[in-house]
Amino acid sequence: MSITKKIVIGLGIVIIIIGIIGAMMFFKPQRDVQNTKTDFSYQASEIVNEYLTDSNKANNKYLDEEGNSKVLEIEGLVAKISEDFNNQKVILLKSATDKAGVSCTFTKETNEHTLNIKTGDKITVKGVIRSGAAFDADLDMYENVILEKCDIISKLTSK
């Protein structure tokens, strides 16, 4: 067998292995947050203040060794309802006196559960944390806690 033929066969094997690994990562099952036990339950202002006080301590509390978030239930007042560029509903939980809020992004599967939600409603949302609240000195503004893969757990309508 010639050297060229061995190189071509070796490259073919490497390409096949890379393809298999890529396919396994692409089709890897997503985490089912809604059917996972809740680790922590808080008011929106509690988790915001925890991050604004000590973000390292909060990250250690809410992220495991691999960087995956614990599952959280957050209760708060709906301050704003919007939609992101993926057509996913985004609900901001924030009271008028809080410096920042909790921005909850829903999935394609849970978007429809937000249809009857309006500003002023008090809701509880379950999801995982993507980033904590912080103060951005350059922009002179507070950044919200970002919760994703959210769904509504309970709702108390406003008057």
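As the structure is a computational prediction, the values presented were derived from the model and not from experiment. The figures here come from the full heavy-atom set of this structure, side chains too, leaving out hydrogens, waters and symmetry mates.
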Would a distance-only check, ignoring hydrogens and angles, find a side-chain to backbone donor-acceptor pair under 3.5 Å from Q34 to K149?
yes
Heavy atoms only: give me the nearest S69-I129 pair and the separation to one decimal.
OG-N, 2.9 Å
L77 versus K122, closest heavy-atom pair with distance:
CD2-CB, 4.0 Å
Distance-only donor-acceptor check, side chains T124 and E73, under 3.5 Å:
no
Looking at D64, is its backbone amide N or carbonyl O close enough to the side chain of N68 to form a donor-acceptor pair, meaning the two atoms are under 3.5 Å apart?
no
Grouping I, L, V, M, F, W and Y whenever their side-chain heavy atoms are under 4.5 Å apart, do F26 and I17 come out in a common cluster?
no
Taking a hydrophobic cluster as the set of Ile, Leu, Val, Met, Phe, Trp and Tyr residues connected by side-chain heavy atoms closer than 4.5 Å, whether directly or through intermediates, do F135 and I47 fall within one such cluster?
yes
Would you say the side chain of K70 lies within less than 4.5 Å of the side chain of F40, judging by non-hydrogen atoms?
yes
I want to check something: taking the side chain as every heavy atom from C-beta on, are V48 and Y142 in contact at a cut-off of under 4.5 Å?
no
Here the pair of heavy atoms bringing A100 nearest to E143 is CB-O, 3.7 Å
Of all heavy-atom pairs between H113 and E109, which one has the smallest distance, and what is that distance?
CE1-O, 4.3 Å
Treating D84 as the side-chain partner and N86 as the backbone partner, does any N or O pair qualify as donor plus acceptor under 3.5 Å?
yes
Is there a path from I74 to L92 through hydrophobic residues (I, L, V, M, F, W, Y) whose side chains come within less than 4.5 Å of each other?
no
With rounding to the nearest 0.5 angstrom, report the CG to NZ distance, D54 to K61.
11.5 Å
Taking atom OH of Y62 and atom CG of L72, what is their separation to the nearest 0.5 Å?
6.5 Å
Student check: side-chain heavy atoms of F106 and Q88 closer than 4.5 Å
no
Could you tell me whether I3 atom CD1 has more than 12 heavy atoms of other residues or ligands within 6.0 Å of it?
no
If I compare all heavy atoms of A44 with all of G76, which pair ends up nearest, and what's the gap?
CB-CA, 4.4 Å
NZ/K126 to SG/C104 distance, rounded to the nearest 0.5 angstrom?
14.0 Å
Would a single hydrophobic cluster contain both L93 and V71, if residues Ile, Leu, Val, Met, Phe, Trp and Tyr are joined by side-chain heavy-atom contacts under 4.5 Å?
no
Donor-acceptor pair, D136 side chain versus D140 backbone, under 3.5 Å?
no
Would a 4.5 Å heavy-atom cut-off, applied to side chains only, mark K80 and I91 as touching?
no
List the steps, then state whether side chain to side chain contact (heavy atoms under 4.5 Å, CB included) holds for K94 with V102.
CA-CA 7 Å; K94 181 181 176 194; V102 177; over 6 Å; no
V78 versus I81, closest heavy-atom pair with distance
CG1-CG1, 3.7 Å
Quick one, D121 and K155 - any side-chain contact, counting heavy atoms below 4.5 Å?
yes
E50 and K57: salt bridge (charged side-chain N to carboxylate O under 4.0 Å, His left out), yes or no, with the steps?
CA-CA 8 Å; E50 199 171 338; K57 184 177 176 184; over 6 Å; no
Pick out which of V8, I13, I9, I7 makes a side-chain contact (heavy atoms from CB on, under 4.5 Å) with L11.
I7
Using distance alone, with no hydrogens and no angle criterion, decide if N59 and Y51 have a side-chain donor and acceptor under 3.5 Å apart.
yes
Report yes if some heavy atom in the side chain of S103 is under 4.5 Å from a heavy atom in the side chain of V90; otherwise report no.
yes
Donor-acceptor check, side chain of D98 to backbone of G101, threshold 3.5 angstrom: yes or no?
no
When T110 is tested against each of D151, T105, V125, V33 for side-chain contact (heavy atoms from CB on, under 4.5 Å), which residue passes?
D151
Given I123, which of I152, I153, T114 fulfils the side-chain contact (heavy atoms from CB on, under 4.5 Å) condition?
I152
